[in-house]
Amino acid sequence: MAEIIDYGRFAERLAQERPRWELLDEVQREWGYEDPGGEPLVTREGEAPGYELDESHPIPAALVEWWDSPVNSFAFRPRLYWTHSQWPPSATDTVADPPGDEIRVIMAEYQYVNQWGYLASEAHLPDPKVMVNTHDGWVVQSRSISEFFLQLAMERLPAHFGWTLRVRRTVVDGDPAIVERLQASYRELGLPPWQEMGTDALSYGAPDALIRHGRGPGADFAIVIQGRTREAVVQVAETLGLTWTDKELGAPSEVPSPVEDLGPASFREGSTEYRLRWTAISTAATPPVPAISDIPGLAELPGRTVAAAGQDGTTAVAGDSTGRVHVWATDGPETRALHRAPVTAVTCYQPEDGGRAVVSGDAHGVLRYWATAGEPLRGPFARRRSPVAALTSARLETGPALAAAWADGLTRVWDLRTMDVADLPIGTGIEAVTLASDGVLFVTTGQGTATLRLDLDRLWPTRRLRLRLDEIDWASLWSNRGPAYEVPGLIAKVAGDDEDAAQAAVKRLYELLVSKHDSVKAAAPAVPFLVERMLIPTNRARNTLLLLIADIADGPGEEREAVIAAVPSLLHLQDDEHPSIRWAAGELIRICGVPTA
């Protein structure tokens, strides 16, 4: 976030004439929201299947536009909002209508204490004002529907994507000068006060920060500062004369995935990647690219950006500048609008269960997966914050595989049977990648094509583990949180190279598998896999993993016997070089009551 945005001048932006949803889109992006790709999770059709607009009860055009807009972050990530949408607009729930009129509710606060809606008498207007119920009756929340959704986003998104400092009412009541300094130092945003749960919050703007002054009786926090950076929050707090601790200054819960900082891809014949996952066997190769048949309509496709042929030569796939993916096959052509950006790469392969699958990538970094016999996956297959540069697929000796290269230099290779994945920081400038059935990856840049021999065992070190995990019907076993379908993926993460992900997986496994009071059916089958991970010296989560195993042994069922059976293989950890592991080994032996000699 190099550019500093002064929200003290937000009222000027609000007053500008512009397309209806442009400012909402700008604000969402400024705070870190990114289009997740895929289809919306919430739609007006899904809220009321088969519903058609009744012209005798008009619905404002702005509300329909918001539901259908690609910048509607609520539709794509409703959990960011903690509100309930309402379609079609409905009568109020337990709240009396204003005198002489009726409210058509469009959104309700999560506990249904507050409801927002427009007046029935103004339903014919394209963008009418929005009302909200308060202790004083219905009052104007926003001057238009479009302004309401802008306010709602500004109320919700900074709490997820920004730094936050909350100041309790008692602090502000004890020092009224805080409010005086707020009003003297910062300008209002130009939006009406936000009415929810009795807060009556008036918002002010600062460089890279928003300040909310909760004036109503329901405001536990009289001042809430939210900043795009930590420094922005600290600057406002110092200006207001506040004192705080690092513990009180909350970090963002939503952190965008990083973009690689890699140089151009460069290869030397005989060179090997530092983890031995690939070796360059040639730097002047000609990749085997299937020829695209002369299919009627393919050459004349308007806005065509990329095209590829299936490995069997019976299928061609193309993408265009509008985000559509087109498939030509023996059973006829088909087109789907899968992307909200130009399609930049496509590939087609045959899954193990037959049929045909298409993977496409776009300029926003989104991959979509479409088994053409059915509907495309609603969510993205993968997403990174860099355009997709190239795609390829092939059937290897291990089964079908997929490789994608992004413009920032990262190439990712999937084993599609187990979904094990390898990230290869090959470098930027990749124009094409071609995966051959013998495990060779051809990488084409402006300097030519290099041939990389992939070591599949090193590329996917947890692949065999995942295959063994798949032999167990985890969904039929019970965890502390219901069916244990999460467990195999978490065990695989414990075995991975990412230490943060491995530690997070152990923490989640604690929640799912550990209970001192009830037997957890999924725990016993998991124990051998966890012990196996513990016996690998390079495992990145050994310090917490052994404690997990010990605490599983504290359970009352078969899980205890499973751990006791494994204790002899873990006794040597009493002499481990790491004190935390020696201590955890002692706890394991104590809990299991197994003699050490």
Asks: Looking at Arg79, I'd like to know if its CZ atom is crowded, meaning that more than 12 non-hydrogen atoms belonging to other residues, nucleotides or ligands lie closer than 6.0 Å.
Replies: no
Asks: Between Arg44 and Glu47, does any side-chain N to carboxylate O distance fall below 4.0 Å?
Replies: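 No, Arg44 and Glu47 are not salt-bridged.
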Asks: Contact between Met131 and Leu119 at the side-chain level, heavy atoms closer than 4.5 Å - yes or no?
Replies: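 The answer is yes, as the side chains (C-beta and beyond) meet within the 4.5 Å cut-off.
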Asks: Using 30° and 60° as the class boundaries, would you call the ring planes of Trp67 and Phe74 parallel, tilted or perpendicular?
Replies: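 Trp67 and Phe74: perpendicular rings.
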Asks: Any idea how Tyr33 and Phe161 line up, ring-wise: parallel (<30°), tilted (30 to 60°), or perpendicular (>60°)?
Replies: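 Tyr33 vs Phe161 ring planes: perpendicular.
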Asks: Would you call Arg13 and Glu30 a salt bridge, using N to O less than 4.0 angstrom?
Replies: yes
Asks: State plainly whether the residues Arg481 and Glu486 are in salt-bridge range, i.e. N to O under 4.0 Å.
Replies: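 Answer for the salt bridge query: no.
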Asks: Would you please say whether a donor-acceptor pair under 3.5 Å links the side chains of Gln195 and Asn133?
Replies: no
Asks: Is Arg542 salt-bridged to Asp576, going by a charged N under 4.0 Å from an acidic O?
Replies: yes
Asks: Can you confirm whether Val171 sits close enough to Thr243 that some side-chain heavy atom of one is under 4.5 Å from a side-chain heavy atom of the other?
Replies: no
Asks: Would Val527 and Ile552 count as a side-chain contact (heavy atoms from CB on, under 4.5 Å) here? Give the steps.
Replies: CA-CA 8 Å; Val527 166; Ile552 288 175; 3.9 Å; yes
Asks: Would you give the length of the straight line joining atom CG of Asn114 to atom OG1 of Thr134, rounded to the nearest 0.5 angstrom?
Replies: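 Here the interatomic distance stands at 8.5 Å.
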Asks: Is the distance between the ring centroids of Tyr110 and His84 under 6.0 Å?
Replies: yes
Asks: Using modelled atom types and a 3.5 Å cut-off, is there a donor and acceptor pairing between side-chain atoms of Asp408 and backbone atoms of Glu260?
Replies: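 A pair under 3.5 Å: yes.
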Asks: Apply side-chain contact (heavy atoms from CB on, under 4.5 Å) to residues Arg590 and Glu587 and explain how you reach the verdict.
Replies: CA-CA 5 Å; Arg590 179 188 64 79; Glu587 283 295 289; 2.9 Å; yes
Asks: Using a strict 4.0 Å threshold on nitrogen-to-oxygen distance, state whether Arg156 and Glu196 make a salt bridge.
Replies: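 A salt bridge is present here (some side-chain N lies under 4.0 Å from a carboxylate O).
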Asks: Got a salt bridge between Arg181 and Asp175, using NZ or NE/NH1/NH2 to carboxylate O under 4.0 Å?
Replies: yes
Asks: Find out whether Ile223 and Leu182 are in side-chain contact, i.e. whether some heavy atom of one side chain is under 4.5 Å from a heavy atom of the other.
Replies: yes
Asks: Mind checking whether Trp244 and Trp163 have ring centres under 6.0 Å apart?
Replies: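 Judged by ring-centre distance (under 6.0 Å), Trp244 and Trp163 do not meet the cut-off.
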Asks: Among Arg385, Arg29, Arg340, Arg77, find the one that has a salt bridge (Lys or Arg N to Asp or Glu O under 4.0 Å) with Asp35.
Replies: Arg340
Asks: Would you confirm whether the ring centroid of Phe149 sits within less than 6.0 angstrom of the ring centroid of Trp66?
Replies: yes
Asks: Would you say the side chain of Ser203 lies within less than 4.5 Å of the side chain of Glu155, judging by non-hydrogen atoms?
Replies: yes
Asks: Any side-chain heavy atom of Leu202 within less than 4.5 Å of one from Glu188?
Replies: yes
Asks: Answer yes or no: is there an ion pair linking Glu39 with Arg378, defined by an N-O contact shorter than 4.0 Å?
Replies: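 Arg378 and Glu39: not salt-bridged.
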Asks: Walk me through it: do Asp220 and Arg169 pass the test side-chain contact (heavy atoms from CB on, under 4.5 Å)?
Replies: CA-CA 6 Å; Asp220 292 332; Arg169 172 181 292 279; over 6 Å; no
Asks: Do other residues, nucleotides or ligands put more than 12 heavy atoms under 6.0 Å from the CZ atom of Arg9?
Replies: no
Asks: Are the side chain of Trp474 and the backbone of Leu469 linked by a donor-acceptor contact shorter than 3.5 Å?
Replies: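 Answer holds: yes.
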Asks: Here's a test for you: under side-chain hydrogen bond (donor to acceptor under 3.5 Å, both in side chains), which of Glu26, Gln28, Glu65 qualifies with Trp21?
Replies: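 Option passing the side-chain hydrogen bond (donor to acceptor under 3.5 Å, both in side chains) with Trp21: Glu65.
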